[in-house]
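Written below as structure tokens is the structure these notes are about.
Just so it is clear: chains get the letters A, B, ... in the order the sequence lines come, proteins before strands, and each one is counted from 1.
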Amino acid sequence: MGDTQTSSKDKEVKAKESKDKGFGKEEFRAGGDVSKSKKVQRNSTLGNTEGAEKEGKGISRKKKEKLTKRENPDADLEDFVRAAQIQVKVEPEEEDFCINKKDKVKKRLREQEEPGGSLLESAKKKKKVKMEVEEAEQEPEKQRKKKKESKVKKAKKEQEGRPVSAREGGKHKKSKEEVEAAKALKIKKKEEEELQRWRWWEEEKYEDGIKWKFLEHRGPWFPAEYQRLPDNVKFYYDGKLVTLSSAAEEVAVFFAQMLDHEYTTKEVFRNNFFSDWRKEMTLEEKMIITDLNKCDFSEIYKMHKEKVEARKNQGKEEKQKTKDANQKLLEEYGYCTLDHHRERIGNFKIEPPGLFRGRGDHPKQGMLKKRIQPEDVIINCSKDSKIPQPPLGHQWKEVRCDNTVTWLASWTENVQGLCKYVMLNANSKLKGEKDWEKYEIARKLKSCVETIRTQYQADLKSKQMGIRQRAVALYFIDKLALRAGNEKEEGETADTVGCCSLRVEHISLHPELDGEKYVVEFDFLGKDCIRYYNKVPVEKAVFKNLKLFMEDKQPGDDLFDRLNTAMLNKHLHSLMAGLTAKVFRTYNASITLQQQLKELTNALDNIPEKILSYNRANRAVAILCNHQRAPPKTFEQSMANLQAKIDNRKEQLSLAKKELKQAKKDAKDHADDKLLANVFMLHAKETVDKCPWKMNCISLQMLNRTANCQLTSCSCMALLYSNRPTAVRECRKMEVSLEKIYNKTQRDKFAWAIDMTESDFVF
DNA sequence: GAGGGGGACTCAGAAATATACCA
DNA sequence: GTGGTATATTTCTGAGTCCCCCT
């Protein structure tokens, strides 16, 4: 893989360099007055920016050293990153295949017309065949080995004169008929589910902007009101007992419940909490409680821990009760009727009050998230639907009927003043349609991406600084899948950036680094305060432009001072309808997935190997998109456990080898007891055969887990960006059951892709 | 017409919960 | 079969993007 990439990358760089010949700083300066234009107001339009004075923007900001930067990824992961970046440029060779909705509908209609086969019947047949294939696929070595094991056991028992019965230890074993019946029931349930599925992708779409014609729901569910602490749980201030008012006590409980968390050690969190807590206190309480450090929440904390522990140790019955209650709640509030179809609601519960958990160094972390009342909630539903009833004694803020939006209820939260929505689940029509649309736009980009690249390459030499900045930003978005980088209000959120909001301090230029020319080193905090660290060789023209953009600027100044996301997207719109910076992320993730799957998968591999390849392909996408997570707390322990398992197997293997040798000898020596000797021989041989295979499995597991340690879940990646039809196509081509790659929720979510994708689909 | 603000949506990581696996 | 642990899945909600409307 590496060789092809390197060579293609070299070619690319050389080709670009030859294009760049003759392009230099002097020529650029002659084209536009850069020294003047550097002081241009950031938001000026591209056309009239030259020479204007920069105002207010690019004020030097303190580099926030305390931000929770993630550790540098491992060196091999960095290599993988580079590899993945190069992948982005490699285009697949196959012809485009377009999902043809009309053809699909026609196909189904044909099936419907076929004699002796209704639509439902044909779907049933199709499903049955599919399931039979999958079942056969799932009958692997494991089951064969189980059978073999049971045979050995049976032989042993018979040898010992013990009876082999269906009942052992008095436990009822399912009869063959019962097993068959359970199987049939499962299949039937699956079929019914499939038949009930709303195949919205086969229906006509509504006119532009209309999201639904009928919407009915029960309104959101509200968390229970606060219950006072039991009398034996006390709060102390400066060693003295203080009985808090209900409002102050509730907020104190929020804090006490978080005492285990790092948040409560952060100064900003503590200050914000204390300030908001005091707002909930009575005058008397305010007079007494003046210093958070003197507050003793230990009894509340202890009570909370005990509650958590008790919940963990609930008996079966209690657990079932809780489960049933949740199910009831879901049935009652978790579904709505949208255009005569029952659709699951994604978040029907109103967010409970608590302390705001802003990420990184969010300036508002620790502030009180107030309890939402029905009076804060706007309900959206059909006029002719049954209007949801507010909880007793309350009323809604407003009931409206707006079928141009997809939300069912909304409210404004108090911390950031943002709107929150109750929306449908990911497997709903409304979400699915959007998803489908997203991939269609990304596919459309494929057909014109080369033109766009040619255009921004040319723009790198533009006389206008703004256009050059736009070209460099686009180059990064395309090559590195950076996010657009909207402007944010200073002091309102954590100091994170995207492409357009990069500052001088976020990049370092290296004319030469580790044997590569024109290397740009990125180091900034992106979305969710996830660190983006990358060293990327770029084209000479890009490098020179960056050098120019950074001249006479302070570290805290904007790198692209004449560009913002609105300008960038406006330009992208002019190149292709519906194109925005975000589309490049989807596009490049899809291309990378397809390319990686093509390179890594081998039709001759076994199923675990194919799954590993699929995970590797997804990992490449995760690296490209810089999807990271904190390493799981149990990571080190679980790796040690796996290593212990391998060691154990090694011992087992050497023992089994000795046993096998002995058993062979015994079989020769004791011809009279051949059966017993054979049983032992079989057993030892099986262990000898099995151990290396198991050890290999554990090694693969370790490899997979190490690589995944700081990356988001692989299937998650495939769901977010990578093209669903691509993954579906690959599974079918490689004869890997979709169940092995995606869980039920995920399969439900992109049922449209599963249904529409043929095995020859190409992104 | 520009641009600022906010509404509506997607994306994404952490936490909670369920399930699988193993001794 | 049981209990403990690891892993997978789901839920929750914060953090982005993008577009439209108002001034």
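The side chain of A/Lys434 lies closest to B/dC9, out of B/dC9, B/dA15, C/dT13. Of the candidate nucleotides B/dA12, B/dC11, C/dA15, B/dA12 has the atom nearest to the side chain of A/Arg585. The side chain of A/Lys420 sits closest to C/dT13 out of C/dG16, B/dT10, C/dT13. Counting only heavy atoms from C-beta on, A/Lys349 has its side chain closest to C/dC12 among B/dA15, B/dT19, C/dC12.
Looking only at side-chain heavy atoms (C-beta outward), A/Leu355 and A/Phe269 come within less than 4.5 Å of each other. For the pair A/Arg503 and A/Asp495, the minimum side-chain heavy-atom distance is below 4.5 Å.
Between A/Gln365 and C/dG14, a side-chain N or O to OP1/OP2 separation shorter than 4.0 Å is absent. Contact annotation: A/Thr493 does not reach the phosphate of C/dA15 (side-chain N/O to OP1 or OP2, under 4.0 Å). Look at A/Arg359 and you won't find any side-chain N or O under 4.0 angstrom from OP1 or OP2 of B/dA15. Taking 4.0 angstrom as the limit, A/His362 places a side-chain polar atom (N or O) nearer than this to OP1 or OP2 of C/dA15. Within the structure, every side-chain polar atom (N or O) of A/Lys527 is placed at least 4.0 Å from both OP1 and OP2 of C/dG14.
Across all strands shown, A/Lys364 has no heavy atoms under 4.0 Å from either base or sugar-phosphate atoms. Within 4.0 Å (heavy atoms only), A/Lys319 reaches no atom of the nucleic acid at all. Heavy atoms of A/Ser410 sit nowhere under 4.0 angstrom from any nucleic acid atom. A/Gly417 comes within 4.0 angstrom of no nucleic acid atom, judged by non-hydrogen atoms across all strands.
As a whole-Å value, the separation of A/Trp411 CH2 from B/dA8 P is 14 Å. The distance between atom OH of A/Tyr421 and atom P of C/dT11, rounded to the nearest whole Å, is 22 Å. Atom CG in A/Asn347 sits roughly 18 Å away from atom P in B/dA16 (whole-Å rounding). Put simply, CE on A/Met423 is 13 Å from C1' on C/dT13, counting in whole angstrom units. When rounded to the nearest whole Å, the span between CZ of A/Arg357 and C1' of B/dG13 equals 13 Å. Nucleotide C/dT11 holds its C1' atom 11 Å from the CD atom of A/Glu351, rounded to whole Å. Remark: P of B/dA18 and CG of A/Asp324 are 11 Å apart, rounded to the nearest angstrom. In this structure, NZ of A/Lys570 is placed 15 Å from C1' of B/dG4, rounded to the nearest angstrom.
Among A/Lys364, A/Arg359, A/Lys488, the single residue meeting the side chain to side chain contact (heavy atoms under 4.5 Å, CB included) criterion with A/Thr493 is A/Lys488.
Across all non-hydrogen atoms, the minimal contact from A/Gly578 to A/Ile441 is O-CG2, 3.7 Å. Residues A/Tyr333 and A/Ile345 share a closest heavy-atom pair of O-CD1, 3.4 Å.
With no hydrogens or angles considered, a side-chain donor-acceptor pair links A/Tyr301 and A/Asp260 at under 3.5 Å.
Between A/His362 and A/Phe356, the gap from one ring centroid to the other is short of 6.0 Å.
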Every protein N/O within reach of nucleotides 17-21 of chain C N/O, cut-off under 3.5 Å:
unit_1, atom_1, unit_2, atom_2, d
C/dT17, OP1, A/Ala484, N, 3.2
C/dT17, OP1, A/Gly485, N, 2.6
C/dT17, OP2, A/Asn486, N, 2.9
C/dT17, OP2, A/Asn486, ND2, 3.3
C/dC18, OP1, A/Thr580, OG1, 2.8
C/dC18, OP1, A/Ala581, N, 3.3
C/dC18, OP1, A/Lys582, N, 2.7
C/dC18, OP2, A/Asn569, ND2, 3.0
C/dC19, OP1, A/His573, NE2, 3.2
C/dC19, OP2, A/His573, NE2, 3.4

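In this structure, A/Lys349 is positioned above the aromatic face of A/Trp221, its NZ or CZ under 6.0 Å from the six-membered ring centre and within 45° of the axis.
Checking A/Val405 against A/Lys323, the closest nucleotide of DNA chain B that is more toward the 5' end is the one next to A/Val405.
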